[in-house]
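Data block below; observations after.
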Amino acid sequence: MRVFVVGASGAIGTRLVPQLIDAGHEVIGTSRSAAGAKRVRALGAKPVALDLLDGRAVRKAILASEPEAIVHQATDLSNVGNLKHFDRTFAQTNRLRTEGIDTLLAAARETGVRHFVAQSYASARYVREGGWVKSENAPLDPTPVPSARESQAAMRHVDEAVAGAGGIALRYGVFYGAANDGLIEPVRKRQFPIVGDGAGVWSWIHLDDAAAATVLALERGKAGIYHVVDDEPAPVREWLPVLAEALGAKPPRRVPRWLARLLAGEAVVVMSTESRGASNAKAKRELGWEPRYPSWREGFVAAYASAAPAERRKPDPAAGASHSPPRLST
Ligand SMILES: NC(=O)c1ccc[n+]([C@@H]2O[C@H](COP(=O)([O-])OP(=O)(O)OC[C@H]3O[C@@H](n4cnc5c(N)ncnc54)[C@H](OP(=O)(O)O)[C@@H]3O)[C@@H](O)[C@H]2O)c1
């Protein structure tokens, strides 16, 4: 297929482009910068300069490229620091997930593009009651914290608009596997504590596994939503110490909910204590996808082995490790 990847120069895009090419697809990849275009070209794709928020330019680029498939992987999250004003921090990404999606879907309709895959998100989306691991058809959180309402609505828009148009929304886990992953510095500096009981469940995904599932979704997926997450959704209190150790950092601090609320805001408290994780059963069943890193336990070690100081490095614990994932329920 001739695939038009919006966000080809980014964290997931740069893993996706080579895997698409390896699978025999022709790729046109967007970036807004010359450096990004160079990266996209080096990966084997044809670079196109494009701002997704420029509707006319998007239409023109899609008309000119005549793709058979469009993949939306554009986000703007490089300055995510303090999440106290969550929607303010996510404002540009929210536009990419609303205006950006609508513009691309309109261009896809106009040009008869039949395959459409877009990036969505899995953790901290679902109703905060009942089982700790949800499937795709579980109800979303009906009462998101006020500071994150717009961001939750933008992700919901991706899911509904894309699936409604016959496309596929991939609710990815938290990405890891790159040298500049967002949590590395805060965890190293012990600025990412376990809040309260740390019961909030997160779903993780290695970037290479996310890219592999995206290729399969494009080739075999049915219209709708798929979780692209690893096999082991886990509470913050479990994965955070393992991540700290993999990075050669000291164990995370613990802070009470009231203090976290004061310093970091309610959204962070909810993510740390009430978030639900996601099951990958549907993606495995329908896409025939198997993650190369079934759990963050071995994934963190593999991803960050060279990042930890030599004296703190441990061998990969994945070989023969056994652990039971939380029970699936919706
Ligand atoms: N599920 C997750 O956990 C998740 C999801 C998203 C991001 N992240 C993480 O957040 C960190 C920062 O991510 P990021 O989103 O800032 O950067 P990124 O992942 O490196 O890339 C974002 C991509 O979106 C493109 N983009 C941004 N604004 C655009 C626009 N207006 N029009 C067209 N394309 C646009 C960028 O292209 P340009 O070359 O034009 O800049 C780039 O290709 C990364 O570590 C990433 O892994 C995690």
Side-chain angles (χ1 to χ4, degrees), residues 4-17 27-43 45 47-62 70-81 83 89-104 107 118-125 151 154-155 158-159 169-187 202-211 213-214 226-230 233 239 243 271 275 277-278 280 296 299 303-304 307:
F4 191 95
V5 179
V6 183
S9 57
I12 173 79
T14 51
R15 309 294 176 113
L16 177 62
V17 168
V27 182
I28 299 145
T30 79
S31 172
R32 291 161 302 165
S33 69
K38 201 171 160 194
R39 208 155 50 236
V40 169
R41 189 186 302 281
L43 293 170
V48 166
L50 186 66
D51 182 346
L52 184 55
L53 299 177
D54 179 345
R56 285 170 60 173
V58 171
R59 180 173 177 271
K60 204 171 146 197
I62 299 289
I70 295 177
V71 180
H72 178 299
Q73 296 288 5
T75 50
D76 195 343
L77 298 171
S78 51
N79 292 320
V80 172
L83 291 177
T89 302
F90 272 70
Q92 193 70 359
T93 292
N94 293 342
R95 288 188 66 197
L96 294 168
R97 287 175 167 161
T98 50
E99 291 168 49
I101 281 287
D102 290 348
T103 308
L104 271 183
Q119 177 183 147
S120 182
Y121 186 64
S123 298
R125 297 280 312 279
S151 306
M155 291 186 280
V158 173
D159 299 343
L170 298 177
R171 288 183 183 158
Y172 294 110
V174 184
F175 290 152
Y176 73 94
N180 60 350
D181 287 336
L183 282 186
I184 293 178
E185 278 318 298
V187 171
W202 291 34
S203 279
W204 289 88
I205 191 71
H206 192 287
L207 284 160
D208 289 335
D209 282 331
T214 308
Y226 291 86
H227 288 155
V228 176
V229 298
D230 75 11
W239 61 256
L243 176 57
M271 285 191 287
S275 166
N280 61 14
W296 43 270
Y304 304 128

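In listed order, ligands and their atoms are each counted from 1. Just so you know, these numbers use all the heavy atoms, side chains as well, and skip hydrogens, waters and symmetry mates.
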Qualifying residues under salt bridge (charged side-chain N to carboxylate O under 4.0 Å, His left out), relative to Arg39, sequence neighbours excluded: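 None.
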Any Val40 side-chain heavy atom under 4.5 Å of Val17 side chain: no
Presence of salt bridge, Arg32 and Asp51, under 4.0 angstrom: no
Can you pull every nitrogen or oxygen pair between ligand 1 and the protein closer than 3.5 angstrom?
unit_1, atom_1, unit_2, atom_2, d
ligand 1, 1 (N), Gly173, O, 3.0
ligand 1, 3 (O), Phe175, N, 2.8
ligand 1, 15 (O), Thr75, O, 3.0
ligand 1, 15 (O), Thr75, OG1, 2.4
ligand 1, 15 (O), Leu77, N, 3.3
ligand 1, 16 (O), Leu77, N, 2.7
ligand 1, 16 (O), Ser78, N, 2.8
ligand 1, 19 (O), Ala11, N, 3.1
ligand 1, 20 (O), Ala11, N, 3.2
ligand 1, 24 (O), Thr75, N, 3.3
ligand 1, 24 (O), Thr75, O, 3.3
ligand 1, 28 (N), Arg32, NH2, 3.3
ligand 1, 31 (N), Asp51, OD1, 3.0
ligand 1, 32 (N), Leu52, N, 2.8
ligand 1, 37 (O), Ser9, OG, 3.2
ligand 1, 39 (O), Ser9, OG, 2.6
ligand 1, 39 (O), Ser31, OG, 2.6
ligand 1, 40 (O), Arg32, N, 2.6
ligand 1, 40 (O), Arg32, NE, 2.7
ligand 1, 41 (O), Arg32, NH2, 2.8
ligand 1, 43 (O), Gly7, O, 3.3
ligand 1, 43 (O), Ser9, N, 3.4
ligand 1, 43 (O), Ser9, OG, 2.7
ligand 1, 43 (O), Gly10, N, 3.0

Polar contact flag, side-chain donor to acceptor under 3.5 angstrom, Asn94-Ser151: yes
Which residues share a ring pair (Phe, Tyr, Trp, His ring centres under 6.0 Å) with His72, sequence neighbours left out: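 With neighbours one apart ignored, the set is empty.
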Selection residues 90-99 - residue pairs positive for salt bridge (charged side-chain N to carboxylate O under 4.0 Å, His left out), sequence neighbours left out: Arg95-Glu99
